[in-house]
A.B. asks: 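Sending over a structure as structure tokens; questions will come in a sec.
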Amino acid sequence: MNVLESGVGELFQRPDPHGFRDYVHKHKSQAMTDKLMTEQEAVRRFVADGDYLGTELYGTVRGPMSLAREVIRQGRKHLRLAGQGIHEIDLLLAADLVDTLDITYVAWEVYGISKILRRAVESGRVKTTEWSNAAITWRFKAASMGIPFIPCQSMMGTDTFKRSAAKVVEDPFTGMKTCLLPALALDVGLIHVHRADKFGNCQIDGISGFGFEMARASKKLIISAEEIVDTDEIRRNPDRTIIPYYLVDAVVHAPFGSHPGEMCYDYWRDEEHLKTFLEESADPAKTKAYLDKYVYGVKNHDEYLKLIGQERLDTLKSKIGGH
Amino acid sequence: MAEFSIREQIICTAAHLMADGSTAFVGTGIPMLAGMLAQRTHAPNLVVIFEFGGTGAQLTKLPHGVGDSRTFYRAVAASGICDVMEAAQRGFVEYGFLGAAQIDMYGNLNTTVIGNYWPPKVRLPGSGGANDIGSNCWKVISIMGQHTSKVFVKKLDFLTTPGYLSGPGAREAAGLAPNCGPYRVVSNLGIMGYDEQSKRMTLLETYAGIPVEEVLKNTEFEMLVAPDVRTASAPSALELKFLREDIDPDKLYR
């Protein structure tokens, strides 16, 4: 196949389909085993310094916030990140645990650009390679398919392509130009779901973003769940199982695990908390104070929820209404 | 005539561009409000698509992001990124609505950096879904809230999302699908389209009281001007009522 153009962006995680196959075969239990554990144990066992890490979410929705805070508390460093993210990436960057970022979008939607991302990248501390949203998801899809790359019709002709690690080739079947995206298998994925059983069968309500693809592209996968349910409940609606047990290494019970973000049908996002954080994030000292209070200052997610307060959490639940 | 803000004018103008019974990829902000307004007025059967998987929502409450539960409220499908992005790639999605920090005369957009690539002077969010929408939707409409010569520039600091790239034939030469690309630009001064031959941005309409010269003065590149620049229609009393009382009562976006 004739390579016509190559992006100059650094490839932070090289595709290795055979290595991924071997890993899956050796490490993913084919039997259903109990994987319920605390977030401390999950992060201690499954997140290492230098890991390539991904979080799955849409904006502030269904973010694995309790897990991200635990990664920071345990000080895992030299992380490489897949950057479709927002609050969790802001916190990891602010804690100075990140070396590289495959970035598609890191910002606060209606509230604007991330000041923490600005400081991290403009200072030259964090290196970046560019991708589109579909491209990074299709990279996960390629890894989940067990193949080395996937062709697409995005990114071509742009600086997004030039600063990516994609290649444009002449397709051997049609002769048309097509953009090849290298498969992206994560060392560790963090996903928050509505419900899971102790084996890691997970159900997500509403849209599923890129959870399906990322779960299947993760060597190690830590799940946090609003609710731990009996397997019978999973079996009653198996069509809702986006992530089956064999993809999962750890299951952590984390009610309000997406706080200060929201969970579709379950609780609304904590606007007041987020607005305060966004104001504070403009100032490095205040950002550090936020981390001290909400991440380092609590031992675990339970303590975090006590700090936020039951009254506030009840209010967020009541705001959900019909939608 | 009722008083209205320039943002209300932009929202109404964007809504007018959404056709009933068609599909539109909408992002956070003005496109959402425009989609809600269009569904309440001339386009009740507008199918709005959100990039995290909501298709065909009935937008009764303003979403605050492209993935919250309102983006698939009473929708016909709630899937994921791949499903909707692949729908655009195989040619299903008619309109794509985008914003940017910079736009050039071929409708190329920058949402990545100001200054050099790395380390940049200002790091912006990145492409998100914009590059995919710009590559694969049939007609791309850019919403630009600030029409100044720093935004409508000769040369982008970074070409995040493809418009017509360097001109006629450039998209096809780069490998992008033929016969699609930029269609309209809605700014705070007026409405632009693209010249069929040269693919260059062309002023079509201005808002009441805005002379053509003001648009040209606030554009760094040479803007083409249609032979008959009209005055864009102002928001109607009903549209303003919907916007203020129903769609965005908290003034999140206005």
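Heavy atoms only: backbone and side chains are in, while hydrogens, waters and symmetry mates are out. Nothing here was measured: the structure is a model prediction, and the numbers come from that model.
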A.B. asks: Please state whether the side chain, the backbone, both or neither of A:W108 comes within less than 4.5 Å of a heavy atom of chain B.
C.D. replies: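 Contact with chain B is absent: no heavy atom of A:W108 under 4.5 Å.
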A.B. asks: Counting only non-hydrogen atoms closer than 4.5 Å, does A:A120 touch chain B with its backbone (N, CA, C, O), its side chain (CB onward), both, or neither?
C.D. replies: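 It is neither, since no heavy atom gets under 4.5 Å.
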A.B. asks: Within the structure provided, determine whether A:V121 and B:W118 are in side-chain contact (heavy-atom separation under 4.5 Å).
C.D. replies: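 Counting from C-beta outward, A:V121 and B:W118 do come under 4.5 Å.
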A.B. asks: Between A:M263, A:Q84, A:Q153, which has the largest tally of heavy atom pairs under 4.5 Å with chain B?
C.D. replies: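 Maximum pair count with chain B is reached by A:Q153.
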A.B. asks: Which atom pair, heavy atoms only, marks the closest approach of B:F72 to A:C264?
C.D. replies: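 The pair with the smallest heavy-atom distance is CZ-SG, 3.6 Å.
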A.B. asks: Please state whether the side chain, the backbone, both or neither of A:T128 comes within less than 4.5 Å of a heavy atom of chain B.
C.D. replies: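 When you check distances to chain B, atoms from both the backbone and side chain of A:T128 fall under 4.5 Å.
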A.B. asks: How about A:W138 and B:C82: do any of their side-chain heavy atoms sit closer than 4.5 Å?
C.D. replies: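 A side-chain contact under 4.5 Å exists here.
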A.B. asks: Let me know if B:L165 has heavy atoms under 4.5 Å from chain A in its side chain, its backbone, both or neither.
C.D. replies: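 Contact with chain A involves the side chain of B:L165 alone.
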A.B. asks: Tabulate, in ascending numerical order, the residues of residues 103-112 of chain B having at least one heavy atom closer than 4.5 Å to a heavy atom of chain A, or enter 'none'.
C.D. replies: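 Listed by number: B:T112.
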A.B. asks: Please report the closest heavy-atom contact between B:R123 and A:E122, naming both atoms and the distance.
C.D. replies: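 Smallest heavy-atom distance, with atoms named: N-OE2, 2.7 Å.
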A.B. asks: Is B:A170 close to chain A through its backbone or its side chain, or both, or neither, when contacts mean heavy atoms under 4.5 Å?
C.D. replies: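 Neither part, no heavy atoms under 4.5 Å.
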A.B. asks: Ring-plane angle category for A:W268 and B:H64, please: parallel below 30°, perpendicular beyond 60°, tilted otherwise.
C.D. replies: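 Rings of A:W268 and B:H64: tilted, 30 to 60°.
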A.B. asks: How about residues 204-213 of chain A versus chain B: which residues have heavy atoms under 4.5 Å apart?
C.D. replies: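 The list, in residue order, reads A:G206, A:I207, A:S208, A:G209, A:F210, A:E213.
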A.B. asks: For B:E86, is it the side chain, the backbone, both, or neither that has a heavy atom closer than 4.5 Å to a heavy atom of chain A?
C.D. replies: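 Both backbone and side chain of B:E86 come within 4.5 Å of chain A.
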A.B. asks: Does CZ in A:F149 sit with more than 12 non-hydrogen atoms of other residues, nucleotides or ligands closer than 6.0 Å?
C.D. replies: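 Not buried by this count: 12 neighbours or fewer within 6.0 Å.
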A.B. asks: Taking atom CG as the centre, does B:N116 end up with more than 12 heavy-atom neighbours from other residues, nucleotides or ligands that are less than 6.0 angstrom away?
C.D. replies: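 Count not over threshold, so no.
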A.B. asks: Is A:E262 reaching over with its side chain to a backbone N or O of B:D68, donor-acceptor style, under 3.5 angstrom?
C.D. replies: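 Looks like no, no N/O pair under 3.5 Å.
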A.B. asks: Between A:I242, A:T60, A:T137, A:L57, which residue shows the highest count of heavy-atom pairs closer than 4.5 Å to chain B?
C.D. replies: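 Most heavy-atom pairs under 4.5 Å with chain B: A:T137.
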A.B. asks: Inspect the surroundings of CZ in A:R125 and state if more than 12 heavy atoms from other residues, nucleotides or ligands are less than 6.0 Å away.
C.D. replies: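 Yes, because the 6.0 Å sphere around CZ of A:R125 holds more than 12 heavy atoms from other groups.
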A.B. asks: Which atom pair, heavy atoms only, marks the closest approach of B:D132 to A:S154?
C.D. replies: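 So the minimum-distance heavy-atom pair works out to OD1-OG, 2.8 Å.
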A.B. asks: Roughly how far apart are B:S135 OG and A:M156 CE, rounded to 0.5 Å?
C.D. replies: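 Here the interatomic distance stands at 7.0 Å.
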A.B. asks: Mind checking ring-ring contact (aromatic ring centres under 6.0 Å, His included) for B:Y164 and listing every partner two or more places apart, or none if nothing turns up?
C.D. replies: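 Expected list: B:Y194.
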A.B. asks: Chain B contacts: which residues in residues 160-182 of chain A have a non-hydrogen atom closer than 4.5 Å to it?
C.D. replies: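 Result: A:T160, A:R163, A:K177.
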A.B. asks: Heavy-atom distance under 4.5 Å to chain B: side chain of A:R119, backbone, both or neither?
C.D. replies: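 A:R119 has no heavy atom closer than 4.5 Å to chain B.
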A.B. asks: Between A:E130 and B:N131, is there a side-chain heavy-atom distance shorter than 4.5 Å?
C.D. replies: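 Not touching, per the 4.5 Å side-chain cut-off.
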